[in-house]
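Below, each value reflects all heavy atoms present in this structure, side chains not excepted, and no hydrogens, waters or symmetry copies.
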Amino acid sequence: QVQPVESGGGLVEAGGSLRLSCGLSGGTFSNYAVGWFRQAPGKEREFVAGIGWRSLSILYADSAKGRFTISRDNAKNTAYLQMNSLKPEDTAIYYCAADIQGSGSSKSSAYNYWGQGTQVTVSS
């Protein structure tokens, strides 16, 4: 079973930065697309960023463009979400998801494997 595991969340002040990591076990990492999603209290889960297998495509939500960067290091079996210029509205649980040979879709239904999430809190 493929299992994504998120780490790197925490509490930061507005304008600060965090880097989230997503480790993937149980499969060949380079064969999987990775998506980052988030869910704030009282809101639906929303797409943040995605990167396709073999890095063939990259996609960002409008809210993330210019501030967040998704990347992957296949040698480390890890994907990253670098988050800069954080805003209080970025506060959410961030989830990593994986999709074999996927494109990094913005649709949560495209992903077969999900992590448990890591909390990001941005104070004003």
Side-chain angles (χ1 to χ4, degrees):
Q1 176 88 337
V2 174
Q3 179 63 62
V5 179
E6 307 93 338
S7 63
L11 191 154
V12 297
E13 294 183 355
S17 298
L18 284 173
R19 188 180 73 164
L20 306 183
S21 298
C22 175
L24 190 69
S25 63
T28 302
F29 181 75
S30 61
N31 288 345
Y32 289 82
V34 175
W36 287 97
F37 295 78
R38 67 188 184 188
Q39 188 166 25
K43 296 184 178 180
E44 296 182 358
R45 184 183 300 176
E46 66 175 352
F47 172 77
V48 179
I51 185 166
W53 79 293
R54 301 178 65 184
S55 298
L56 294 175
S57 60
I58 293 176
L59 184 65
Y60 294 100
D62 288 342
S63 61
K65 290 179 180 177
R67 299 190 299 128
F68 295 1
T69 302
I70 188 169
S71 62
R72 63 193 299 160
D73 186 339
N74 291 336
K76 296 182 178 179
N77 292 336
T78 303
Y80 303 96
L81 184 68
Q82 178 67 47
M83 305 188 294
N84 299 325
S85 301
L86 284 162
K87 305 173 182 179
E89 51 262 45
D90 295 317
T91 295
I93 300 174
Y94 283 70
Y95 297 91
C96 176
D99 169 32
I100 190 165
Q101 296 188 343
S103 63
S105 175
S106 63
K107 304 296 184 182
S108 61
S109 61
Y111 297 89
N112 302 113
Y113 309 102
W114 291 82
Q116 294 299 114
T118 185
Q119 178 70 48
V120 171
T121 302
V122 184
S123 62
S124 60

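Considering only heavy atoms from C-beta on, S17 stays 4.5 Å or farther from M83 through its side chain. For the pair L86/E13, no side-chain contact is recorded, criterion being any heavy-atom separation below 4.5 Å from C-beta on. N84 is not listed as a side-chain neighbour of F68, based on a closest heavy-atom distance of 4.5 Å or more. For the pair E6 and W36, the minimum side-chain heavy-atom distance is below 4.5 Å. Side-chain contact between R38 and S63: present, with at least one pair of heavy atoms (C-beta onward) separated by less than 4.5 Å. Looking only at side-chain heavy atoms (C-beta outward), V34 and C96 come within less than 4.5 Å of each other.
Q3 contributes no side-chain N or O that, together with a main-chain N or O of S25, makes up a donor-acceptor pair within less than 3.5 Å. With hydrogens and angles disregarded, a donor-acceptor distance shorter than 3.5 Å links the side chain of T118 to the backbone of G9. Checking side-chain atoms of T78 against main-chain N and O of K76 turns up a donor-acceptor pair under 3.5 Å. For the pair Y60 (side chain) and I70 (backbone), a donor-acceptor distance under 3.5 Å is present. Distance alone, capped at 3.5 Å, is enough to place a donor-acceptor pair between the Y111 side chain and the S105 backbone. Formation of a donor-acceptor pair under 3.5 Å by the T69 side chain with backbone atoms of Q82 is not found in this model. No side-chain donor-acceptor contact under 3.5 Å links S85 to the backbone of R67.
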Derivation and outcome, side chain to side chain contact (heavy atoms under 4.5 Å, CB included), residues L11 and Q119:
CA-CA 8 Å; L11 191 154; Q119 178 70 48; over 6 Å; no

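Ring orientation note: the planes of W114 and F37 are tilted relative to one another, at an angle of 30° to 60°.
When the shell of 6.0 Å around CD of Q39 is examined, it contains more than 12 heavy atoms from other residues, nucleotides or ligands.
Taking hydrophobic clusters as Ile, Leu, Val, Met, Phe, Trp and Tyr residues chained together by side-chain heavy-atom distances below 4.5 Å, V12 shares a cluster with V48. When the side chains of ILVMFWY residues are joined at heavy-atom separations under 4.5 Å, either directly or via intervening members, Y32 and I58 end up in a single hydrophobic cluster.
Salt-bridge formation is not detected for the pair K87/D90: no Lys NZ or Arg NE/NH1/NH2 atom is positioned less than 4.0 Å from an Asp or Glu carboxylate oxygen.
Looking at every heavy atom in both residues, S55 comes nearest to I51 through OG-CD1, 3.7 Å.
Figure legend: cation-pi geometry between R72 and Y80 absent, as NZ or CZ is not positioned both under 6.0 Å from the six-membered ring centre and within 45° of its axis. A cation-pi contact links R45 to Y95, judged by a cut-off of 6.0 Å to the six-membered ring centre and 45° from its axis.
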